[in-house]
Amino acid sequence: MGAVVGTLTMQTRQRQPSRDKVDDELEMTMVCHRPEGLEQLEAQTNFTKQELQVLYRGFKNECPSGVVNEETFKHIYAQFFPHGDASTYAHYLFNAFDTRNNGSIKFEDFVMGLSTLLRGTVREKLEWTFYLYDINRDGFINKEEMTEIVRAIYDMMGKYTYPALKGDVPKQHVDAFFVKMDKNKDGVVTLEEFVIACQEDENMMRSMQLFENVM
Amino acid sequence: MAAGVATWLPFARAAAVGWLPLAKKTMPKPPVDKKSRNDEILFVNVSGLRFQTWKNTLDRYPDTLLGSSEKEFFYNEDTQEYFFDRDPEMFRHILNFYRTGKLHYPKQECIQAFDEELAFYGIVPDIIGDCCMEEYRDRKKENQERLAEDTEAENATDTPLPPDSTSRERLWRAFENPHTSTMALVFYYVTGFFIAVSVIANVVETVPCRPPKGSKKDLPCGEKYTLAFFCMDTACVLIFTFEYLMRLFAAPSRCKFMRSVMSVIDVVAIMPYYIGLVMPENEDVSGAFVTLRVFRVFRIFKFSRHSQGLRILGYTLKSCASELGFLLFSLTMAIIIFATVMFYAEKGTKGTNFTSIPASFWYTIVTMTTLGYGDMVPNTIAGKIFGSICSLSGVLVIALPVPVIVSNFSRIYHQNQRADKMRAQQKVRLARIRLAKKGTTNAFLQYKEEGGFQGRGSDNALCLKNRSSFEHQHHHLLHCLEKTTNHEFTDELTFSEMCMTESVGYRTSRSTSISSQQGVSTSCCPRRAKRRAIRLANSTVSVSRGSVQELDTLQVHKTSSGPQSRSSLNARTEDLKLNCEDRDFTAAIISIPTPPANTPDESLPPSPAIPGILRNSRPTSFTHETVKISSL
């Protein structure tokens, strides 16, 4: 008989909704952010008005509240790399875009980052890349930071690669990188070392030009 | 892939700048977007109602009508707009799908009309958002069932059989559907009659008749008129056997028929008779034989062929079996508890009926179901107290939950059905999402296989399908990632194949389509492969096992694709060349710690398309690795 009563109570328990979550979500959507004016953004970045318009329309469509938080960012970035796990790299990217370190990217941050990457000088791009690699923002890239970044990139490849990922391929990659970048062999790469080494690398300079026409 | 993120693609591509310092090779050239990048407003006229939207909005879903070049068919030059002669009210929802990424189902619309619109615009109904999905599915199911009922009703009434059906088919049809012919109807009623006769005979057999002359005892009629009953039984069994054999003969699938419930019932109904014929007149055995005659009562179940209601009842019981079983289980628990208690309470009494716990079961059941026969009563005070508790709880256990259980049955039954439905739908939806995901990965792999990387324009026009600029850019992005990490994307199948054959020592080639030729090539050329390995070992480069196998595969792949190259020269050789390059490069990278001064892909001189022979020279120190392949 107890069993019968038990089943009856089981049915009722499932119907209890989680009310707290709904309230929180309501609150979050109330927060709205509007970007600065179009003229100001045009002055601050290297984009034209039309390009800014297109960018903002897309941005606003995906994030109606006007800000991107890390979860949404990771989700969007992961859509481009369905093979593997892009969340770690997306995390580092998010931190690189989030210059104010407040856990969310506004449209201005987004557009500034894009402006540097797409329309900036070579030096600016390299500085941005250095900023991305330097996870703890201490001005130096050490092996651990680089290994983390490289691992994150390899994670995006997923499991099914050709040739199969055997051994510690990221580590080998990092070692190769350090051999190239670390001129004075002190175990860390500074911004100047990085910029000089990259400018010497012809392949890289050639590749950089290829990203001109992304917008 | 959620096409709403098409707007974020430029950002993802810009972020690829972060891979550049790590890449050992130059990035491939990005696709050139010839179209103008300015966003424009499109006019869409749907039966007079004019809609306006950005072109980018429609481009979000390139695999639909509005997102692809298919809409150009509907472009009206004079009015500079796209004209669709469709329902404008429905179009509103379709367009909202492009705008918001969620498709909603308008509840007041007919489900079929909605489906037709979706089919016209090339939108898959699975994209319907969760908010409207249940409603959509329910309405669709309802509609389908209604249609199915209608068609069934149509089919059930007198569809004439195809004229060239065998007699067997006609016989089966006559059995299944007695209304088709007069003979079938006659047979149907005759069997029904005989079932009834048989059942009544079984019953009357046991009624006491007047004793024959000279005996005081009342005899059951079965023993008085043995011959009459025997004849009746024989006749019935003959009819049943005949019917069963005819069904067996006519059944389209005999195994399936023999396993069906009705056939089992038939067999069980007639078996006792035959066993009785066969068995000797032994006293002991005939005792068991008497038990067998009980099974004759199963003949009454044969009526379920004649009654739809019985069948439905049987089906309902079957589907509620778990609930009934649970009820039984809880009852059993209660019975065991109370029986134990009663037994121990009455243990001390002399001459008690409660001789054991199983003996107390009977008391518990009788008391709980409020029958109260009175053949077993407790005598001790404790026994009486527990006995009254037992009867009270019996009322609660049995009387109260019965209506609740009845309503529970119907509710649980419907819930289960809905849960199963949703689970099946969820599985289908997840499978579709996975398929779409695989579709994106496969799209990229297919793109690679078709040699889409040359970017040489007109040569590859045949290979490359019509791709949107979004796909171009996305594939370029993935290609950049491959170049950065020096590993390529493959699919699960080839990956697992590689893992398997690695342990064996030979590697299967990439595409599974030529795997059938593996046996030939590997047996032909193992010596050559070994020679390749030895030559490599002689070079200054330290050859890891991986790279030897790389070249093994190289060898195998090329030789096995040899015959193919004869048929279509240009496309295949280019494809092979591409694969060669990738492999050699990766082989080189695996074996060398420091990257040499590599030349990018495009600068390799195009090898002469000599049938069957491919030359692959690299500008590094590995000139002796020119691979010569003779066609098989």
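Convention: sequence-line order gives letters A, B, ...; per-chain numbering from 1. Note: hydrogens, waters and symmetry copies are ignored here, and every other heavy atom, side chains too, is used.
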Report the C-alpha distance between A:Thr121 and A:Glu124 in whole Å, list the side-chain angles of each, state the deciding distance to 0.1 Å, and finish with yes or no for side chain to side chain contact (heavy atoms under 4.5 Å, CB included). CA-CA 5 Å; A:Thr121 65; A:Glu124 285 173 354; 3.3 Å; yes
Check the pair A:Glu193, A:Lys185 against salt bridge (Lys or Arg N to Asp or Glu O under 4.0 Å), reporting the backbone distance first and the verdict last. CA-CA 11 Å; A:Glu193 284 178 341; A:Lys185 307 284 179 242; over 6 Å; no
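Of the two parts of A:Met146, only the side chain, counted from C-beta on, holds a non-hydrogen atom closer than 4.5 Å to a non-hydrogen atom of chain B. At a 4.5 Å heavy-atom cutoff, the contact between A:Thr129 and chain B is made by side-chain atoms alone. Neither the backbone nor the side chain of A:Val189 comes within less than 4.5 Å of any heavy atom of chain B. When heavy atoms are compared at a cutoff of 4.5 Å, A:Phe73 approaches chain B solely by way of its side chain, counted from C-beta outward. Proximity to chain B (any heavy atom under 4.5 Å) is shown, for A:Ile153, by both the backbone and the side chain. Residue contact with chain B, scored on non-hydrogen atoms closer than 4.5 Å, is absent for A:Val174. Interface remark: B:Trp19 contributes backbone and side-chain atoms alike to the contact with chain A (heavy atom separation under 4.5 Å).
A side-chain N or O of A:His75 and one of A:Gln79 form a donor-acceptor pair less than 3.5 Å apart.
The number of heavy atoms from other shown groups lying within 6.0 Å of NZ (A:Lys183) is above 12.
Taking the six-membered ring for Trp and the full ring otherwise, the centers of A:Trp128 and A:Phe97 sit less than 6.0 Å from each other.
A:Asp138 pairs by the side chain to side chain contact (heavy atoms under 4.5 Å, CB included) definition with A:Asp134, A:Asn136, A:Phe140, A:Glu145, not counting sequence neighbours.
Taking chain B as the reference chain and counting heavy-atom pairs below 4.5 Å, the highest number among A:Tyr77, A:Phe194, A:Phe59, A:Tyr89 is found for A:Tyr89. Counting heavy-atom pairs closer than 4.5 Å to chain B, the top residue among A:Gln172, A:Lys159, A:Gln53, A:Met181 is A:Lys159. When A:Tyr92, A:Phe177, A:Phe130 are compared by the number of non-hydrogen pairs under 4.5 Å with chain B, A:Phe177 comes out ahead.
One N or O on the side chain of B:Glu482 and one on the backbone of B:Phe489 form a donor-acceptor pair closer than 3.5 Å.
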